[in-house]
Engineer: 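Structure in structure tokens, see below.
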Amino acid sequence: GDSVTQMEGPVTLSEEAFLTINCTYTATGYPSLFWYVQYPGEGLQLLLKATKADDKGSNKGFEATYRKETTSFHLEKGSVQVSDSAVYFCALSDAGGSQGNLIFGKGTKLSVKP
Amino acid sequence: ETGVTQSPTHLIKTRGQQVTLRCSSQSGHNTVSWYQQALGQGPQFIFQYYREEENGRGNFPPRFSGLQFPNYSSELNVNALELDDSALYLCASTDARNRDADTQYFGPGTRLTVL
């Protein structure tokens, strides 16, 4: 079945460092891809999405590009802030673009030190 | 625009009891999905409701059941609680009529502890 694999954390960075969180997926169709963020004690917030190959999702300085050839959707940010400390989840929609359920990776915890 | 809300925030039950969790979908959204997030893990899909009927189910036993009401709000019921049911339960909503229907918006969750 469809699945998502994320790099394991935790990831600890200094403020203004460059961030990459790797995400690869396995899917039989053409899923939409997502990054969600979860701050301590809260639910999930949509960070960005991409719906087809070569699409780039971006939000709040974060970017990720849908790479079909490498089945990847790596999250990047050029300069992280302490406020970016959270758990980041990569996910795919398993119904080829409809409102099917989301399949999540295990999450990557990011800690940014001042 | 009102986001997804869930109640209660926290809940403590004992093994064998039954629990009901509630969710109000985001304004204008007609589809609700429920997820279970164990500590340190990603959310796992339980089921989805659309037009008051179950519209897909993950790998969860029948003691996990749900309802959707005409105003699109939803309930998750869990019978015969087990220790492993301790988790954060997340509700998410979307509008199936929307071109963006595969994007789900999450509530803050209900933290269930089973003793």
Side-chain angles (χ1 to χ4, degrees), chain A residues 1-10 21 23-25 27 29-52 55 57 59 66 73 75 86-110, chain B residues 3-7 9-10 21 23-26 29-51 54-60 66 68 72 87-111:
Chain A
D2 294 359
S3 66
V4 173
T5 302
Q6 284 182 241
M7 65 184 286
E8 293 194 12
I21 301 178
C23 171
T24 57
Y25 67 91
Y30 300 94
S32 294
L33 301 174
F34 305 83
W35 278 99
Y36 282 86
V37 58
Q38 187 173 36
Y39 297 99
E42 298 185 10
L44 274 69
Q45 295 180 23
L46 176 66
L47 183 57
L48 53 84
K49 68 176 282 191
T51 58
K52 60 183 187 297
D55 265 4
N59 186 27
Y66 191 143
F73 193 55
L75 182 68
V87 181
Y88 292 81
F89 292 94
C90 184
L92 64 82
S93 176
D94 80 337
S98 74
Q99 70 275 21
N101 62 289
L102 295 173
I103 296 172
F104 287 87
K106 292 186 175 182
T108 303
K109 183 176 182 180
L110 170 67
Chain B
V4 179
T5 60
Q6 293 184 243
S7 63
T9 305
H10 297 88
L21 310 182
C23 170
S24 291
S25 61
Q26 182 167 314
H29 286 185
N30 57 11
T31 303
V32 173
S33 299
W34 287 92
Y35 293 80
Q36 180 195 66
Q37 186 181 15
L39 199 61
Q41 301 296 314
Q44 299 288 318
F45 175 69
I46 303 175
F47 44 56
Q48 183 181 82
Y49 276 83
Y50 172 63
R51 290 186 174 179
E54 190 176 290
N55 184 44
R57 188 177 184 94
N59 189 26
F60 280 81
Q68 187 181 32
Y72 306 132
L88 181 68
Y89 287 85
L90 296 164
C91 171
S93 72
T94 189
D95 185 348
R97 300 159 294 193
N98 196 320
R99 196 167 68 100
D100 197 33
D102 61 353
T103 302
Q104 297 185 22
Y105 296 88
F106 285 79
T110 294
R111 171 73 62 187

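Throughout, protein chains are lettered first and strands after them, A, B, ... in sequence-line order, and every chain is numbered starting at 1.
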Engineer: Check the pair A/Leu44, B/Leu90 against side chain to side chain contact (heavy atoms under 4.5 Å, CB included), reporting the backbone distance first and the verdict last.
Structural biologist: CA-CA 8 Å; A/Leu44 274 69; B/Leu90 296 164; 3.6 Å; yes
Engineer: Tell me every residue that passes side chain to side chain donor-acceptor pair (under 3.5 Å) with A/Asn59, counting only those two or more places apart in sequence or in another chain.
Structural biologist: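 For A/Asn59 there are no side chain to side chain donor-acceptor pair (under 3.5 Å) partners, ignoring immediate neighbours.
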Engineer: Ring pair (Phe, Tyr, Trp, His ring centres under 6.0 Å), that's the test. Do B/His29 and B/Tyr105 meet it? Break it down for me.
Structural biologist: CA-CA 10 Å; B/His29 286 185; B/Tyr105 296 88; 5.8 Å; yes
Engineer: Looking at B/Tyr50, B/Phe45, B/Tyr49, which one forms a ring pair (Phe, Tyr, Trp, His ring centres under 6.0 Å) with B/Phe47?
Structural biologist: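 Option passing the ring pair (Phe, Tyr, Trp, His ring centres under 6.0 Å) with B/Phe47: B/Tyr49.
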Engineer: Report the option among B/Gly109, B/Gly42, B/Pro43 that has the most heavy-atom pairs separated by less than 4.5 Å from atoms of chain A.
Structural biologist: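 Greatest number of close heavy-atom pairs with chain A: B/Pro43.
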Engineer: Any idea which of A/Glu42, A/Lys109, A/Lys49 has the most non-hydrogen atom pairs under 4.5 angstrom with chain B?
Structural biologist: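 Of A/Glu42, A/Lys109, A/Lys49, A/Lys49 has the most heavy-atom pairs under 4.5 Å with chain B.
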Engineer: What part of A/Gln45 lies closer than 4.5 angstrom to a heavy atom of chain B: side chain, backbone, both or neither?
Structural biologist: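 The answer is neither part of A/Gln45.
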Engineer: Can you tell which part of B/Gln44 gets under 4.5 Å to a heavy atom of chain A, answering side chain, backbone, both or neither?
Structural biologist: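 Neither; nothing under 4.5 Å.
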